[in-house]
Protein chains: 4
Amino acid sequence: MTFGSATRSPTRPLDPARSRGGRPRSEHAHQAILSAARELLMAEGFAALRLEHVAARAGVGKATIYRRWASKEELAQELLTQLASPHIAVPNSDNTREELLAAVVNPMNAVTETDFGPVIRALLSQIATDPSLGDPFRASVVQARRAEIARVVERGIARGDLRPDADVDVATELLVGPVYFRLMFGGVLDLDFAERIVEAFMRGYAA
Amino acid sequence: MTFGSATRSPTRPLDPARSRGGRPRSEHAHQAILSAARELLMAEGFAALRLEHVAARAGVGKATIYRRWASKEELAQELLTQLASPHIAVPNSDNTREELLAAVVNPMNAVTETDFGPVIRALLSQIATDPSLGDPFRASVVQARRAEIARVVERGIARGDLRPDADVDVATELLVGPVYFRLMFGGVLDLDFAERIVEAFMRGYAA
Amino acid sequence: MTFGSATRSPTRPLDPARSRGGRPRSEHAHQAILSAARELLMAEGFAALRLEHVAARAGVGKATIYRRWASKEELAQELLTQLASPHIAVPNSDNTREELLAAVVNPMNAVTETDFGPVIRALLSQIATDPSLGDPFRASVVQARRAEIARVVERGIARGDLRPDADVDVATELLVGPVYFRLMFGGVLDLDFAERIVEAFMRGYAA
Amino acid sequence: MTFGSATRSPTRPLDPARSRGGRPRSEHAHQAILSAARELLMAEGFAALRLEHVAARAGVGKATIYRRWASKEELAQELLTQLASPHIAVPNSDNTREELLAAVVNPMNAVTETDFGPVIRALLSQIATDPSLGDPFRASVVQARRAEIARVVERGIARGDLRPDADVDVATELLVGPVYFRLMFGGVLDLDFAERIVEAFMRGYAA
DNA sequence: TCGTAAACGAGACGGTACGTCCTGTCTTAAC
DNA sequence: GTTAAGACAGGACGTACCGTCTCGTTTACGA
């Protein structure tokens, strides 16, 4: 699945009438801001993230940030979307248990081994309480993951590996919920954990 | 299970040598601060919580807050512990399915029908990233819930309702993880959802 | 002249009905407060004088200060009066030049060699702008000095040392004004300076 | 005499390397702050002067004040210098008594008829005790006045109106000391008083 | 090749909140 | 009924950032 297609960059559009003239926006500044923001968000958390510090670290004026994002939230959303995209897809492997394991291991690796982990940890509250950040996240990342897992379950049923009445509606919760539970509330996130989750799922829904 | 025993109030201690003299701390001010903080935390989120506003709403000087809690985080921790305590226990009902349902419904009702919901939403990021808030929360609330669910599973095994090899180590994740997943990432939290979660668990581990 | 007779202690009276009973006010605490206040006033100035620090240094509760003086100004006034009293009198020496010199040297020594110097320096603005401090000071200390100098001039005229039309009304200003001018605006305050002031006065008004 | 040349503005310098960029400091804000500070200093005195109130009255953020002056003292110093400057010069009038009278009447009018009066009253203590305010004041205003009066005396001697041994070293104290004495310690400040002071001086030092 | 126009780094602007300090009052137990 | 201790509501301190606004400068495009 291509994921980016569902995403809408929160970056502020240029004035549509600007095509006439003016200096173009600097792509270098753009990336420097995102990098600085990611580092500071991971180091300090969302509440303590200071756009003034982002600007300083990026070697950029504050206005250059506000020209692109209206708020800290918008900037965070872009970071989140950028980092979440690569960890959604579960390839068709013709092996249902393997695909289910991938559905658990993908998000687990994302949060344990990439910057997505610290970043989403820092943004959990914003996602859970601020629709301006949560709604786009749910509409893109969460929805993409739900769809991917639904496809895995359907393929499993089609192969005869899963019972036809396997509960697609809560499959994402059963497989990915435990990963986020431990992300927040502690507990090891390793392959053994992932396998136990898959084992419990398979016991319930194997044909 | 008594829960409070595991909790440590984060409230700043008085100087141990103070018993001799001085005006005692006002219990009224203490409660007014906690109420004001809860309301503002629910309304604005943790990042936008202003102790100055808490003080104003509580009709209290800022120093009266700082005398009790060293930071916004400590104050939030006390709020969280206060609100989480009542929703842990699962009574022994001699019916394993009923007890498992209670293990899912308890936290679900806590987050949907009490102030614990908005408060923990606001504090998820702090719990996940700030050990000063997360560690006490994990040591008290999360640990208590794990222990309670372990007891439910063990009673189920003892009654012969659950297989002896039912996976106690991930039972909390399987039962409560889905609830928190939907709390953060959307989806209805109702009795039907809870029953589907329990159904999946029972399918996997019923004797 | 005895000076104290003109002074009214600013110390708050005890409740007139106090003769009945209760613990008597501690004279020790009273003196400790005045000493602490004098030291801190000299070290920090009036604007930075903190009653909290006075209380701490005196080993006294804040209420013990407020029971005696209604404000920082009243406490300062008592300090000032206490320190100014000893430097007013000019003894009759049967030598007009000697007495005039004493009228200059007395205040000069008071400000250069006793705590009165730093204290009045710290309180000049209060005296000049705050009637609650300035009026009692003018009514006691300044008035006493004027009267003393008037007596010196009159004795000088009586002895035939000064012209009968010597200007009594500005004599204090001519003799003491230069001392305070240098106290504020710099310049040495020594015997030579005092003698030049007296010399100028004598040149103008000697018979 | 040009007076400003001796003065050093206490205003905080901009970073010398700032000429490159940044919004320039607002002259309008600068003057609004000085006006507000003058009004409040006159109304409340130095000790009760609140920079927060100055900022509010000037319609300015507190940082805008601190960007220019490091402290209440520095701000006061600028006020003082600004207000003192116009009252120093004594024009050559070819009439020694007239010039001496001007030397007394100038400061007298300054303190009775202009804002310099309330302002210096409020700052006397600071000038007398705080070198950071007193030293610049002595170096500029006081020194200028001394020099001006020395010139008046020298012109008087040159004209043959004053004795060649007239005491220049204490002339300022004799002429201006009485004015400040009454400013602090009470007594009318009118033309008659000024004439008596000049009369006493002339009696002593006329040729 | 030259204006025009927008973006750039810098930093001042009016504000809000921080966490600390102090004010003047009040409340306790001890004497 | 005063004492030392210390909590109380209130308010100012000086600092840090907010999001906006000027500056002088740089960079591209279209006339």
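Chain naming here is simple, since letters A, B, ... match the order of the sequence lines and numbering starts at 1 in each. All figures in this text were calculated on a predicted structure; none of them were measured in a lab.
- When side chains are defined from C-beta on, B:L34 counts as touching B:W69, because their heavy atoms get closer than 4.5 Å.
- Set against F:dA28, E:dC13, E:dG9, the side chain of A:P24 has F:dA28 as its closest nucleotide.
- The backbone N or O of C:R121 lies less than 3.5 Å from no partner atom in the side chain of D:T129, so there is not a single donor-acceptor pair.
- Proximity of B:R67 to the phosphate of F:dC8: a side-chain N or O atom is located under 4.0 Å from OP1 or OP2.
- Of the residues in residues 27-58 of chain B, none has a non-hydrogen atom less than 4.0 angstrom from any atom of DNA chain F.
- Residues A:Q82 and A:E78 bring no donor and acceptor atom of their side chains to less than 3.5 Å of each other.
- There is a side-chain donor-acceptor pair under 3.5 Å between A:H30 and A:R68.
- As judged by a 4.0 angstrom heavy-atom cut-off over every strand, A:S26 is placed among residues touching the sugar-phosphate backbone only.
- Between the OG atom of B:S71 and the CD1 atom of B:I65 there is a distance of 12.0 Å, given to the nearest 0.5 Å.
- Here the C1' atom of nucleotide E:dA6 and the OH atom of A:Y66 are 21 Å apart, to the nearest Å.
- The side chain of B:T64 contributes an N or O atom lying less than 4.0 Å from OP1 or OP2 of F:dA9.
- When rounded to the nearest whole Å, the span between CH2 of C:W69 and P of E:dG24 equals 14 Å.
- Nearer the 5' end of DNA chain F, as judged by each residue's closest nucleotide, is the contact made by B:G59, out of D:K72 and B:G59.
- Judged purely by distance below 3.5 Å, without hydrogens or angles, the side chains of B:Q77 and B:E73 never pair a donor atom with an acceptor atom.
- Side-chain atoms of D:K62 do not come within 3.5 Å of backbone N or O of D:L51 as any donor-acceptor pair.
- OP1 or OP2 of F:dT3 lies within a sub-4.0 Å distance of a side-chain N or O belonging to C:R68.
- The base of E:dG24 is paired with the side chain of C:K62 by a donor and an acceptor separated by under 3.5 Å.
- Between the C1' atom of F:dT20 and the CD1 atom of A:I65 lies a distance of 14 Å, rounded to the nearest Å.
- Proximity note for D:R23 (side chain, C-beta onward) versus E:dG11, E:dG15, E:dT25: the nearest is E:dG11.
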